[in-house]
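First up is the structure itself, then whatever we jot down about it.
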2 protein chains.
Amino acid sequence: MDRRNEISIGTLAGRTGLAVSAIRYYETQGLVAPERNAGGQRRFLRSDIRRLSFVLIAQKFGFTLDRIREVLSRLPQGRTPTAKDWTEISQGFRAELDEQIEALTRLRNKLDGCIGCGCLSLDRCALYNPDDVAADKGAGPRYLMGDEAVRPEG
Amino acid sequence: MDRRNEISIGTLAGRTGLAVSAIRYYETQGLVAPERNAGGQRRFLRSDIRRLSFVLIAQKFGFTLDRIREVLSRLPQGRTPTAKDWTEISQGFRAELDEQIEALTRLRNKLDGCIGCGCLSLDRCALYNPDDVAADKGAGPRYLMGDEAVRPEG
DNA sequence: GCTTGAGCTAAAGTTAGCTTTAGGAATTAT
DNA sequence: ATAATTCCTAAAGCTAACTTTAGCTCAAGC
């Protein structure tokens, strides 16, 4: 039975739709910081429901857990976040989103040029000047095509 | 020394900017299918430069290697792809891209509603009716928030 | 008071997309 | 002919974001 302002990991899982294992993982990543009861079990605050919901949404938009942790760190420490706190955080969040959409759109427009000329000469139009949409996930250098690649090669 | 229409993996790597190991990996994923010379070394076609460039670009746009393999499978078998082949494939590609951008934009617009009301009541506005931007990468169910999560909990 | 369900930890497994390592073999350069 | 590159395979390692498993402990219900 969850008391006043404390809920168990199972209840939190039920409310957010997350798996219990995922919540534990989020704790290791610093996304939530539950206390423990006498028996060593985690006790979350009801406001953590909203906190984790925010995490889920941010993920839908493609943010990594690392970035989300940074964003959440802007929430006031020591007190339960208010609606206004969440509004402010969501706005900064939206700004980044806008950038992402714009970068993707710019890149798409460049691709149009390539499709138009039919040569797929991407060293000149699309990606030679990287217009980084999403930061590279894999490691290693990523540049595109040398001269010869440009010429149609029947 | 690369002959007429055959190039070594190192040359291909130099032309695409890919690591040799990445190209070998792409082969295991069915993205290129080089032949072998007498000594067992891979011999690629010059047209593979363009093929792999396409792969790199598609990745920039967020496509998985699996999807890219599907798209490439539409290229004619048995002959070297022409500029026209690449144009056609790029157009279908662009269509998917447009969808992605739109989905992301719709989702952003929904977020605006949440920011506006300040309550972050996402079960009603943003994500309760999933507007799937990018297919989930992790496994497991992902639905958002129950009733109580909606009410401000100062 | 005992059974059952929920929780706990630590470690290993999973997928994607590669890289790194280890130990050879083929090419190329001198 | 020999040294220096380049290439080969197979297997293990890496990051992100989790899940699964194993073995135990806590808490709740009857």
Side-chain angles (χ1 to χ4, degrees), chain A residues 1-3 6-44 48 52 55-70 72 134-142, chain B residues 1-3 6-44 48 52 55-70 72 134-142:
Chain A
M1 208 176 278
D2 300 319
R3 301 194 310 166
E6 299 181 340
I7 61 180
S8 68
I9 195 168
T11 302
L12 183 55
R15 283 296 163 69
T16 56
L18 284 164
V20 165
S21 61
I23 297 177
R24 290 205 193 97
Y25 175 70
Y26 288 165
E27 183 184 357
T28 72
Q29 301 306 297
L31 295 171
V32 263
E35 310 236 295
R36 301 292 177 128
N37 70 2
Q41 302 196 345
R42 293 172 179 79
R43 293 302 144 185
F44 295 84
D48 285 331
L52 289 192
V55 171
L56 282 172
I57 291 158
Q59 276 189 296
K60 279 251 177 191
F61 281 105
F63 290 79
T64 64
L65 294 185
D66 272 6
R67 274 296 291 125
I68 297 172
R69 181 162 28 72
E70 278 179 38
L72 283 174
D136 333 57
K137 296 179 177 180
R142 294 274 172 78
Chain B
M1 208 174 276
D2 299 318
R3 300 192 312 165
E6 300 182 339
I7 61 179
S8 69
I9 195 168
T11 301
L12 183 55
R15 283 294 164 69
T16 56
L18 284 165
V20 165
S21 61
I23 297 176
R24 291 204 193 98
Y25 176 70
Y26 288 165
E27 183 184 0
T28 71
Q29 300 306 295
L31 295 171
V32 264
E35 311 234 298
R36 301 292 177 127
N37 70 2
Q41 300 196 347
R42 294 173 179 80
R43 292 303 144 187
F44 295 84
D48 286 331
L52 290 191
V55 170
L56 282 172
I57 291 157
Q59 277 189 296
K60 279 251 178 192
F61 281 106
F63 289 79
T64 64
L65 294 186
D66 272 6
R67 276 297 289 126
I68 298 172
R69 180 161 31 71
E70 278 180 39
L72 283 175
D136 333 56
K137 297 181 178 178
R142 294 274 173 80

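Only a predicted model underlies this, so the values are computations on that prediction, with no experimental measurement involved. These values consider heavy atoms only, across backbone and side chains, with no hydrogens, waters or symmetry-generated copies.
- Atom C1' of nucleotide dG17(C) and atom CG of L56(B) are separated by 12 Å, given to the nearest angstrom.
- When rounded to the nearest whole Å, the span between OH of Y25(A) and P of dT9(C) equals 16 Å.
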request  = At under 4.0 Å between heavy atoms, which parts of nucleotides 6-11 of chain D does protein reach? Answer with one letter per nucleotide, 5' to 3': B base, S sugar-phosphate only, - none.
outcome  = -SBB--

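- At dC18(C), one or more side-chain N or O atoms of Y26(B) fall inside 4.0 Å of OP1 or OP2 (strictly under the cut-off).
- Going from atom CZ of F44(A) over to atom C1' of dA6(C) covers 13 Å, rounded to whole Å.
- The residue among L65(B) and N37(B) whose nearest nucleotide of DNA chain C lies closer to the 5′ end is L65(B).
- S8(A) has its side chain out of reach of Q41(A): every pair of non-hydrogen atoms, C-beta onward, lies at least 4.5 Å apart.
- Shown here are the side chain to side chain contact (heavy atoms under 4.5 Å, CB included) partners of R67(B), two or more places apart in sequence or in another chain: F63(B), T64(B), E70(B), V71(B), R74(B), E96(B).
- Between the CG atom of D66(B) and the P atom of dA16(C) there is a distance of 6 Å, rounded to whole Å.
- Among residues two or more places apart in sequence or in another chain, the side chain to side chain contact (heavy atoms under 4.5 Å, CB included) test is passed with R42(B) by I9(B), R24(B), E27(B), P34(B), R36(B), F44(B).
- Between the C1' atom of dA17(D) and the CZ atom of R69(A) lies a distance of 13 Å, rounded to the nearest Å.
- Scanning for side chain to side chain donor-acceptor pair (under 3.5 Å) contacts around N37(A) gives an empty result, with sequence neighbours left out.
- Checking side-chain atoms of T16(A) against main-chain N and O of L12(A) turns up a donor-acceptor pair under 3.5 Å.
- Within the 4.5 Å cutoff, the side chain of L65(A) has heavy atoms near those of the Q59(A) side chain.
- Nucleotide dC18(C) holds its P atom 9 Å from the CG atom of L31(B), rounded to whole Å.
- One can place CD1 of I68(A) at 12 Å from C1' of dA16(D), the figure rounded to the nearest angstrom.
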